[in-house]
Amino acid sequence: MSALKRKRGGKGPGGKSKKVKLVENGNEPKTTETEQNKEISVPAPVSMGKWKNKERVLVFSSRGINFRTRHLMQDLRTMMPHTKADTKMDRKDKLFVINEVCEIKNCNKCLFFEAKKKQDLYMWVANVPHGPSAKFLVQNVHTLAELKMTGNCLKGSRPLLSFDPQFDKEPHYALLKELFIQTFSTPQYHPRSQPFVDHVFTFTITDNRIWFRNYQIIEEDASMVEIGPRFVLNLIKIFQGSFGGPTLFENPHFESPNTRRRVIRLATASKLREKQMVKELQKLKRTENKEVVTRDVTDDVFATPAEERPVHIELEAPAAKVVKKNKHKAFKRQRMQKNAY
């Protein structure tokens, strides 16, 4: 008995089994045109480059997010073909667990959406596992399905990244720029990407916030139409490590949502308190005893001082006035008498 046994299926020790075609009368089989059309031909790849940049981004969230955040995550996964998904993380787990999840998923970047109080959304952008990482407050979220913009782009195409000139002026913005480039840019020759560039990711700094927009390039003269989604990132802190560590930068202009809601509540309460005080003053005025006014103050308004004149009393009747007759009527009467004769 030989040492090398033949495996099941007709495979030898070093080769693959070949399928035997039955031939009638010893002639070779003939292929017809219909059989040639049924054959599936795999086209050659568009580019013969090698995939070297093995950036992989893990996009997931914590429990308690709303539908808008869920749609935003799905839009980011659609736009970025080098992303991976995972189940929602429990609120009780600490953020350092994310480093282990990224290691299991073989990801070196992470976009983590953290929901608090079912109304505040925070986003972590981290370089796993050595850092740095940045924490943002996400505001004014509008998803692809909600915007209904006219722009469109090929799924999986590589985007251009456009940054505000202010990113190069301050060091913390320069760090965020490099973090965004490594996270949002699709690696060249990625298996799930398309070799086309037909849309632009813009990061603009206005009002101490970072505004994200996605535009389609429709003409060669760089005319663009917005696709979506859109959101605003309000920077909170930049940490040296991944999801923690020493603080490299803290935004002095940041106001937490709790503080903002508290200020709004206090302003509303002060308005209500002021209205209540006005009502109480009106009630007090109504209940007070009214003073009886014996003398009218406005009586002396029209009293004007004048010189006193002596009173003259006439004892005799005035002389009768002589009434002169109208001469014109007398002449008219005389003419009428003459005409009568």
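Any value given below was found using the heavy atoms of this structure, including those in side chains, with hydrogens, waters and symmetry copies removed. Computed from a prediction, not measured in an experiment: that's the story for all the values here.
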Please tabulate, one pair per line, all N/O donor-acceptor pairs under 3.5 Å involving side-chain atoms of residues 175-185, not counting sequence neighbours.
| unit_1 | atom_1 | unit_2 | atom_2 | d |
| --- | --- | --- | --- | --- |
| Lys177 | NZ | Asp168 | OD1 | 3.1 |
| Glu178 | OE2 | Gln182 | NE2 | 3.0 |
| Gln182 | OE1 | Lys109 | NZ | 3.1 |
| Thr183 | OG1 | Leu179 | O | 2.7 |
| Ser185 | OG | Ile181 | O | 2.3 |

Cluster link Leu58 to Leu95, ILVMFWY, side chain under 4.5 Å: yes

Check each of Arg260, Arg262, Arg261 against Asn258 using the side chain to side chain donor-acceptor pair (under 3.5 Å) test, and report the only one that passes. Arg261

Show me the pairs that pass ring pair (Phe, Tyr, Trp, His ring centres under 6.0 Å) and involve residues 93-121, at least two apart or across chains. Phe60-Phe112

Report whether Met80 and Phe136 are members of the same hydrophobic cluster (ILVMFWY, side-chain heavy atoms less than 4.5 Å apart, transitive linking). yes

Is there side-chain contact between Met149 and Glu226, with at least one heavy-atom pair below 4.5 Å? yes

Ring centres under 6.0 Å, that's the criterion: do Phe243 and Trp124 meet it? yes

Does the side chain of Val128 reach to within under 4.5 Å of the side chain of Asn108, using non-hydrogen atoms? no

Assess the residue pair Asn99 and Ser242 against the criterion (side-chain hydrogen bond (donor to acceptor under 3.5 Å, both in side chains)); give the C-alpha distance rounded to whole Å, side-chain angles, the decisive distance to 0.1 Å, and a yes or no. CA-CA 7 Å; Asn99 295 327; Ser242 176; 2.7 Å; yes

Minimum side-chain heavy-atom gap Met79-Asn214 below 4.5 Å: yes

Would you check if there is a donor-acceptor pair between the side chains of Asp198 and Ser157 at a distance under 3.5 Å? yes

Would you call Pro81 and Thr186 a side-chain contact if the rule is heavy atoms closer than 4.5 Å? yes

Aromatic rings Phe231 and Phe212: how do their planes relate, parallel, tilted or perpendicular, breaks at 30° and 60°? parallel

If Ile, Leu, Val, Met, Phe, Trp and Tyr residues are connected whenever their side-chain heavy atoms lie under 4.5 Å apart, and connections chain through other members, are Val138 and Leu144 in the same group? no

Closest non-hydrogen atoms of Glu255 and Thr259, given as atom of the first, atom of the second and distance, are OE2-CG2, 4.0 Å

Establish, for the pair Lys116 and Tyr122, whether the NZ or CZ atom is under 6.0 angstrom from the six-membered ring centre and no further than 45 degrees off its axis. yes

Is there a path of hydrophobic side-chain contacts, each under 4.5 Å between heavy atoms, that joins Leu161 and Val197? no

Are Gln240 and Pro246 packed together at the side-chain level, in the sense that at least one heavy-atom pair is separated by less than 4.5 angstrom? yes

Between Glu146 and Arg68, does at least one N-O distance fall below 4.0 Å, as a salt bridge requires? yes

Shortest non-hydrogen contact from Phe254 to Pro257? CZ-CD, 4.3 Å

Closer than 4.0 angstrom, basic N to acidic O: yes or no for Asp90 and Lys92? no

Look at the side-chain heavy atoms of Ile, Leu, Val, Met, Phe, Trp and Tyr, link any pair under 4.5 Å apart, and say whether Met89 and Leu111 land in one connected group. no

Are any non-hydrogen side-chain atoms of Gln139 and Leu137 less than 4.5 angstrom apart? yes

Positive for side chain to side chain contact (heavy atoms under 4.5 Å, CB included) with Arg209, one of Val232, Asn251, Leu235: Val232

Heavy-atom check, side chain of Cys110 versus side chain of Val57, under 4.5 Å: no

Is it the case that Asn66 and Thr69 place a side-chain donor and acceptor less than 3.5 Å from each other? yes

Pairwise side-chain contact, Pro191 with Trp51, heavy-atom cut-off 4.5 Å (strictly under): yes

